[in-house]
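See structure below.
Along the sequence shown, residues carry numbers from 1. Every number for a ligand or one of its atoms is a count from 1 in the order of the listing. Please read all numbers here as calculations on a predicted model, not as lab measurements.
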Amino acid sequence: MPVKSKSRAKTGKKAPRRTGGGQRNAAAAARGNGASRDLLARLKDGPVVCAEGYVFELERRGYLQAGAFVPEVLFEHPEVVAQLHLDFVHAGSDVTQALTYYVHREKLRVIGREKDLAPMNRAALGIAKRVARRTGTLFAGDLCNTNIYDPADSKALREVERIFDEQVGWAAEAGVDYFVAETLGWTGEALLALQAIQRHSKVPVVVTFAMHQEELTRDGHTPAEACQRLEAAGADVVGLNCHRGPRTMLPLLKQIRAAVKCHVAGLPVPYRTHPGQPSFMSLRDPCCGNRMAFPDGLDPFMATRSEIFDFGREAYADGIRYLGVCCGAGPHHIRALAESLGRHPPASRYSKDMSKHAFFGSDKMIRKIQTDYRDKA
Ligand SMILES: [Zn+2]
């Protein structure tokens with residue numbers, strides 16, 4: 001795939017209109033104040049970029065363990081979490097999402113740290129709130145899959161409700177601007193998350209499903225049907241996050257867009273999933289005996305910045321306004337996504353400019369002895 005130039009990112013024909021809202025948001029992010037804290041107002045004004053995938057990036061940096069994927073780093077190195085929030089904002093995220101993913105009772109029970117539940121949630125919320133208020137980004141609370149939801153087990157259902165109630169309570173207490181309930185595989189579990197939020201808070205709610213290999217939730221609904229149910233129950237934004245890369249998520253996002261009236265969210269993983277292996281857990285690496293690439297052998301499947309740029313363009317053209325990248329995302333992906341939407345976040349100051357490259361540059365200072373050697377470089 002050809003690499004896009006900086007100029008295309010700025011002046012491509014199909015780029016959405018650079019709205020005043022977008023400029024205000026970017027400017028506010030740079031100066032740290034002034035932007036609206038109302039998610040729905042921002043969505044009315046233009047796209048909203050939300051960086052996700054914190055646990056994957058922190059695992060890559062050596063601060064948490066692949067497998068359980070619990071962000072124990074919140075206690076051990078809070079400064080690393082704060083810096084990652086800042087890196088994503090610098091790259092164009094309009095949102096600082098609290099790192100409460102997998103900081104729920106069930107996950108902490110699995111790793112033997114249930115007693116840390118409340119302080120770990122409060123730590124994540126405190127770190128994110130400080131970054132959000134300093135940068136003028138939206139402060140989002142976060143709920144996720146509990147991994148114990150079972151529609152046939154009433155005791156498990158009560159425990160799921162308890163898990164959501166607890167996390168919603170701490171996030172509401174921290175004053176989140178809106179809630180995200182993400183990476184949900186069951187429509188029923190998503191409804192329980194939404195209801196818990198509605199019990200304790202009046203702020204907007206984004207609900208995103210994670211689709212595995214089948215194009216059905218685990219309780220048998222198409223993504224469009226599942227999103228319709230969540231919209232009917234009062235969710236403000238519905239859509240998909242995680243598990244699927246751009247290529248296998250976009251067709252489903254189009255179906256959802258056609259099925260609901262509310263705003264739609266799309267936050268793929270930055271991996272080259274394809275119809276034969278549509279989820280990142282199903283990717284098999286042909287170089288190494290076709291072994292499972294998830295979770296720490298996914299590097300050869302990484303999407304380039306230009307692929308994420310193209311995803312942003314196409315998704316926005318299809319009417320998807322809440323956009324981001326999930327597990328595997330680095331700040332370079334978030335910058336590419338922001339630029340695909342006509343944004344110029346602070347990190348864009350350093351977006352690629354090959355004119356001064358030692359071999360491929362066009363600047364008159366680049367010597368002929370170098371440019372003549374280009375084809376052998
Ligand atoms: Zn993810």
Side-chain angles (χ1 to χ4, degrees), residues 49-61 63-71 73-74 81 84-85 87-88 91 93 95-104 107 124 128 140-147 167 179-186 189-190 193 206-213 217-218 223 237-250 252-253 264-273 277-283 292-299 301-303 307-308 311-312 315 320 322-334 336-337:
V49 174
C50 178
E52 288 188 349
Y54 283 90
V55 295
F56 254 56
E57 178 61 12
L58 289 164
E59 187 279 333
R60 219 157 34 194
R61 294 184 184 192
Y63 290 99
L64 67 80
Q65 190 165 39
F69 282 115
V70 177
V73 61
L74 287 160
V81 179
L84 182 55
H85 284 310
D87 290 349
F88 278 138
S93 184
V95 180
T96 302
Q97 185 165 311
L99 180 51
T100 52
Y101 184 87
Y102 274 180
V103 190
H104 59 57
K107 262 291 170 182
D142 181 69
L143 305 181
C144 68
N145 48 309
T146 62
N147 306 315
Q167 283 199 292
F179 274 94
V180 173
E182 58 156 323
T183 325
L184 295 154
W186 299 86
E189 187 177 26
V206 177
V207 180
T208 51
F209 290 96
M211 304 306 297
H212 291 268
Q213 295 180 54
T217 63
R218 290 183 65 185
V237 181
V238 294
L240 304 177
N241 82 305
C242 209
H243 290 198
R244 287 176 168 240
R247 191 174 158 202
T248 54
M249 182 182 279
L250 259 171
L252 303 181
L253 291 175
V264 174
L267 303 94
V269 291
Y271 295 110
R272 290 175 172 165
T273 57
Q277 295 173 355
S279 66
F280 72 162
M281 290 184 197
S282 65
L283 285 170
M292 185 166 88
F294 179 89
D296 59 348
L298 286 161
D299 309 63
F301 300 96
M302 182 65 78
E307 289 171 295
I308 297 300
F311 165 76
I320 317 299
Y322 187 100
L323 290 159
V325 190
C326 203
C327 300
H332 60 309
H333 291 118
I334 300 304
L337 180 66

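Using a cut-off of 4.0 Å between Lys/Arg side-chain N and Asp/Glu carboxylate O, D299 and R272 are scored as not salt-bridged.
Side chain to side chain, N147 and Y102 meet the donor-acceptor criterion of an N or O pair below 3.5 Å.
Annotation: ring-ring contact (aromatic ring centres under 6.0 Å, His included) contacts of F209 (sequence neighbours excluded): none. Applying the side-chain contact (heavy atoms from CB on, under 4.5 Å) rule to T183 yields the partners Y101, N145, A210, N241, C242, H243; only residues at least two apart in sequence or on another chain are considered. For A315, the side-chain contact (heavy atoms from CB on, under 4.5 Å) partners two or more places apart in sequence, or in a different chain, are L250, F311, I320, L323.
Other residues, nucleotides and ligands place no more than 12 heavy atoms under 6.0 Å from the CZ atom of R218.
For the Zn ion (ligand 1), the tally of protein N/O/S atoms lying closer than 2.8 Å stands at 3.
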